[in-house]
Amino acid sequence: MKAENEQRAGLLYGFGAYGIWGLVPLFWPLLMPAGAVEILAHRMTWSLAVVGLALLAVRRWGWIRELLRRPRKLGLTALAASVISVNWGLYIWSVNHGHVVESSLGYFINPLVSIAMGVLVLGERLRRAQWVAVGLSFLAVLVLAVGYGRPPWISLVLACSFATYGLIKKKLNMGGLESLAAETAMLFLPALGYLLWLGAQGRSSFASQGVGHALLLAATGLVTAIPLVFFGAAAIRVPLSTLGLLQYMAPVFQFGLGVLYFHEAMPPERWAGFSLVWAALAILTWDALRAARRSRARLEAAPVVAAPAPAREPA
């Protein structure tokens, strides 16, 4: 019963995390007239405040000393912070400049880019179905390039930057809260310096657009941290295969908002490109579920090795 309650709670946390990430395109336009870089700087600054409070609550500080003693890990953390900054900044810019649909494509193809990176960087071998999915995604990019009249660069940069971030995080092997704290701590001073420079130039919207606007900019810390906390809680309660299926919630919501709420154009060639991506993801999901079932079947069929009897003490 306890395990069932834990799994149910994990699903709710997962829905919360991906639901917030999927609906966040409604939030960024509220921060205008602040530009994407100013919003990004506030996101970095206020995220550290939120994460710092969370660390105070759980009293986990020992990882800081260990991180500072390992220059390679520190360098990888700095690289992760730089890559996620590119991802965050471009995502904010794309939403506030009418590219919600194209940004959603980036997160649709992110799993496929991660697979390609696994082959190119880690030397992983793909199953036949995975090769078919990667081939369909490549064809989709070509179709969308024709439809847009250019390569879908927003989608590609978002997908590649987030896949690279995931690869770095895999090598770092740090907890979600700790890694976010380390990354935001590295970004804090440049972000704060930029905000102070904006203020000195008289170009800061934080000080000129009223209290309500300032509070919304401060809320970027919560918008960043809360779904990550929810994600971490879900990751330890539900199977990875379930979490992998939940990840499609965010781009589905983003795509729906782009078409239905922001009324972005979807000519036939874009529908064709997205359909190819969705077909690739369907194949990828089917293959992952089949592999998981086979793995479980092998474990169940494996003979149970009896534990050796404890040695008797001499009389």
Side-chain angles (χ1 to χ4, degrees), residues 1-28 43 47 50-51 54-55 57-58 60 80 84 87-88 91 95 100 103-115 118 133 158-159 161-163 165-170 172-181 183-184 219-258 277-278 280-293 295-296:
M1 186 67 180
K2 184 180 179 182
E4 188 177 329
N5 289 336
E6 282 288 295
Q7 190 160 5
R8 189 179 295 115
L11 283 172
L12 290 175
Y13 280 124
F15 281 123
Y18 287 110
I20 293 172
W21 281 327
L23 295 175
V24 81
L26 296 172
F27 179 69
W28 302 129
R43 188 176 185 178
S47 292
V50 174
V51 172
L55 286 172
V58 298
R60 290 209 299 260
I84 201 62
N87 186 274
W88 284 354
Y91 181 63
V95 169
V100 177
S103 67
S104 75
L105 176 65
Y107 295 106
F108 274 126
I109 65 176
N110 174 66
L112 298 159
V113 174
S114 295
I115 288 174
L158 287 175
S161 59
F162 202 73
Y165 179 69
L167 182 65
I168 297 168
K169 297 279 274 191
K170 184 179 178 68
L172 275 172
N173 194 26
M174 289 176 66
L177 186 61
E178 291 87 346
S179 60
L180 180 62
E183 290 159 21
T184 50
T220 56
L222 291 172
V223 170
T224 299
I226 288 175
L228 285 169
V229 172
F230 283 178
F231 175 79
I236 61 175
R237 288 174 171 85
V238 298
L240 193 61
S241 58
T242 304
L243 208 60
L245 292 174
L246 287 177
Q247 74 174 332
Y248 297 127
M249 277 180 59
V252 165
F253 282 6
Q254 292 164 12
F255 178 80
L257 286 173
V277 170
W278 294 333
L281 292 175
I283 292 170
L284 197 63
T285 303
W286 168 79
D287 180 70
L289 292 174
R290 184 183 63 167
R293 280 197 301 269
S295 179
R296 282 197 301 269

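Position 1 is the first residue of the sequence; numbering continues from there.
Closest approach of A280 and A133 over heavy atoms only: CB-O, 3.3 Å. When every heavy atom of G22 is checked against every heavy atom of L257, the shortest pair comes out as O-CD1, 3.6 Å. Taking each heavy atom of A159 and G106 in turn, the nearest pair found is CB-O, 3.2 Å. Shown here for L281 and Y248, the closest heavy-atom pair between the two residues is CD2-OH, 3.6 Å. Across every non-hydrogen atom of G19 and M249, the tightest pair is N-CE, 3.9 Å.
Residues meeting the side-chain contact (heavy atoms from CB on, under 4.5 Å) test with A163, sequence neighbours left out: N110, V113, S114, M117. Taking the side chain to side chain donor-acceptor pair (under 3.5 Å) definition, one finds that Y165 meets it with K169, E183, sequence neighbours left out. Legend: residues meeting side-chain contact (heavy atoms from CB on, under 4.5 Å) with A250, ordered by chain and number and at least two apart, are Y18, W21, Q254. Every residue two or more places apart in sequence or in another chain that forms a side chain to side chain donor-acceptor pair (under 3.5 Å) with N87 is listed here: Y107, S161. Applying the side chain to side chain donor-acceptor pair (under 3.5 Å) criterion to T220, with sequence neighbours excluded, gives no partner residue. Checked against side-chain contact (heavy atoms from CB on, under 4.5 Å), I226 has the following partners two or more places apart in sequence or in another chain: I20, L222, F230.
Side-chain contact between F253 and P25: absent, with no pair of heavy atoms (C-beta onward) separated by less than 4.5 Å. Between L180 and S47 there is no side-chain heavy-atom pair separated by less than 4.5 Å. In this structure, F255 and V100 have side chains that are not in contact, with every pair of non-hydrogen atoms separated by 4.5 Å or more. The shortest distance between side-chain heavy atoms of V252 and F108 falls below 4.5 Å. Looking only at side-chain heavy atoms (C-beta outward), T224 and T184 stay at 4.5 Å or farther from each other.
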